[in-house]
Number of protein chains: 2
Amino acid sequence: MKILVIEDEKELRKSVITYLSAEGYLCESAGSTKEAIEKIGVYDYDCFIVDIMLPDGNGLDIIKEIKAKGIEGGVIIVSAKNSLEDRIVGLEIGSDDYLVKPFHLSELNARVKSIVRRRNFAGSNQVVFNEITLNLDSREVLVNGKPINLTGKEYDILVYFISNKGRVIPKDSLAEHVWGDYMDNADSLDFIYTHIKNTRKKLIDAGAHDYIKTVYGIGYKFTA
Amino acid sequence: MKILVIEDEKELRKSVITYLSAEGYLCESAGSTKEAIEKIGVYDYDCFIVDIMLPDGNGLDIIKEIKAKGIEGGVIIVSAKNSLEDRIVGLEIGSDDYLVKPFHLSELNARVKSIVRRRNFAGSNQVVFNEITLNLDSREVLVNGKPINLTGKEYDILVYFISNKGRVIPKDSLAEHVWGDYMDNADSLDFIYTHIKNTRKKLIDAGAHDYIKTVYGIGYKFTA
DNA sequence: CTTCGATAACGAGTATTTTCATAGGTGATA
DNA sequence: TATCACCTATGAAAATACTCGTTATCGAAG
């Protein structure tokens, strides 16, 4: 799950990122409208946290840009004043939520969670795929009702697979969603094999079928 | 699916090609108007991604050239500025889509996909030809509802056949679409026979008719 | 200091693609 | 219809490309 935090106040940006990273999200940040629009153009995010007041422009314009590009990621507006007008405009142009500063990080986290879920799993916080059950709240994975231990990356991989089940997932897409800006210095994506292997092993050892099919030359497909 | 990426910025060109190749498209590139027009004259593409600002001319002229030649491939304009005028002119002269830089690789991918589909299969991501069903998302092929295993090349061949069903397909075109510029230094196209044979065999073994007719001296025709 | 997870490196194991040799067809021409 | 030149099909083997599993390294967290 990749999130772009658009916020010019350094301290706040830092704490938001620290908090959300600890929750297992992949965070990137932009400190200005310009930087935000650049990043939006190049990378693929699942969620945007947008401060309205930015040094070089209005955050609402960034949201317009996101929507104009047809990007599906959710949008949470963050604003210093509880301006009804901003709020209405924000929702009109397609943002999903609105948060007034100062806010609790746990509150922000809850909203991010709900958006990411809505986007990937139609709002549910529990995802079932045959004998595999994901609990998105606790990042817990059950196989036949028994919990198994996955590392962070393994969990991310599984979530990405399940939210794209049945589709062929090119190794690059997987890398981008689980690891972030891999493109920049990607000479070898070989380490993915190791993670796939470990994920597979843990699932199989726990009694699940091997739903991860290898698509030679392209990537993988998670399918029953 | 063959795509020509016309873009002078090396880095961008590279990432576009890397991304689209991973998605299973066959990409070639041109860094200037001159090069683009040369390639357009010689090879056959399904889709063109055209940067408007090029060192030696305007991308719109390339599009005019494409249309003047009666080439059917889709056109996606890419431009640094969101100029309404360019956009209108672009659509007027027959481009299919417009993308403002910097853009999202997955967004570009989505548009390419939609264009290729619109052209080949009228919008569906599932293509049915009698007892053969192609799922373009998962690259899966079903014969009478049962999945069969095709290798990458075999799948590409089948897609190209089905999207040109009823038409005679010269061996050259097939080679060009499935293998790309391989042609330039190919001394023999004999290996195609092997691939055709294997593709045929897998389809027939799975219970399909042999729709691949040989057209002596020219190539093949996929027809009921 | 120890443990754990993430990544790198590499050889072994597979799948795929190409080559090659040979056999079988096709169509034009006489 | 016989012949010839050329095109296509086939099976097996070689070459290549890709993936896997093991082990090693490194750094961060506890």
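Letters A, B, ... are given to chains in the order of the sequence lines, protein chains preceding strands, and every chain is numbered from 1. Because only heavy atoms are used, hydrogens play no part in the values below, and waters and symmetry mates are left out as well, while side chains stay in.
Residue contacts for A:Val178: at a heavy-atom cut-off of 4.0 Å it reaches no nucleic acid atom on any strand shown.
Distance A:Asp190 CG to C:dG13 C1': 15 Å, rounded to the nearest Å. When the P atom of D:dA17 is taken as reference, atom NZ of B:Lys153 falls 11 Å away, rounded to whole Å. Following rounding to the nearest Å, B:Asp156 (CG) and C:dT18 (C1') show an atom-to-atom distance of 16 Å. Here the C1' atom of nucleotide C:dA9 and the CZ atom of A:Phe191 are 14 Å apart, to the nearest Å. Regarding B:Glu154, its CD atom lies at a distance of 7 Å from the P atom of C:dT17, rounded to whole Å. To the nearest angstrom, P of D:dT8 lies 15 Å from NZ of B:Lys221. The separation between B:Ile218 atom CD1 and C:dG27 atom C1' is 13 Å, rounded to whole Å.
Taking the centre and axis of the six-membered ring of B:Phe222, the NZ or CZ atom of B:Lys165 falls outside the cone set by 45° and 6.0 Å.
Aromatic ring orientation, B:Phe161 versus B:Tyr220: tilted (interplanar angle from 30° to 60°).
Between D:dC7 and B:Lys171, no contact under 4.0 Å exists linking OP1 or OP2 to a side-chain N or O. Here A:Trp179 does not reach the OP1 or OP2 of C:dA6: none of its side-chain N or O atoms lies under 4.0 Å away. A close approach under 4.0 Å does not occur between any side-chain nitrogen or oxygen of A:Thr214 and OP1 or OP2 of D:dC18.
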Assess whether side chain to side chain donor-acceptor pair (under 3.5 Å) is satisfied between B:Arg167 and B:Ser173, documenting all intermediate values.
-> CA-CA 12 Å; B:Arg167 223 173 300 179; B:Ser173 310; over 6 Å; no
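Using modelled atom types and a 3.5 Å distance limit, the side chains of B:Glu176 and B:Tyr160 yield no donor-acceptor pair.
Using a 4.0 Å cut-off between a side-chain N of Lys or Arg and a carboxylate O of Asp or Glu, B:Asp51 and B:Lys101 qualify as a salt bridge. With respect to A:Glu38 and A:Lys34, a salt bridge is recorded, a charged nitrogen being found less than 4.0 Å from a carboxylate O.
Each of B:Asn144, B:Leu142, B:Ile162 was scored for a side chain to side chain contact (heavy atoms under 4.5 Å, CB included) with B:Ile132, with one residue passing: B:Ile162.
Of the two residues near DNA chain D, B:Tyr220 and B:Tyr216, the one whose nearest nucleotide lies more 5' is B:Tyr216.
Shown for residues 192-211 of chain B: residues whose heavy atoms fall under 4.0 angstrom of DNA chain C, namely B:Thr194, B:His195.
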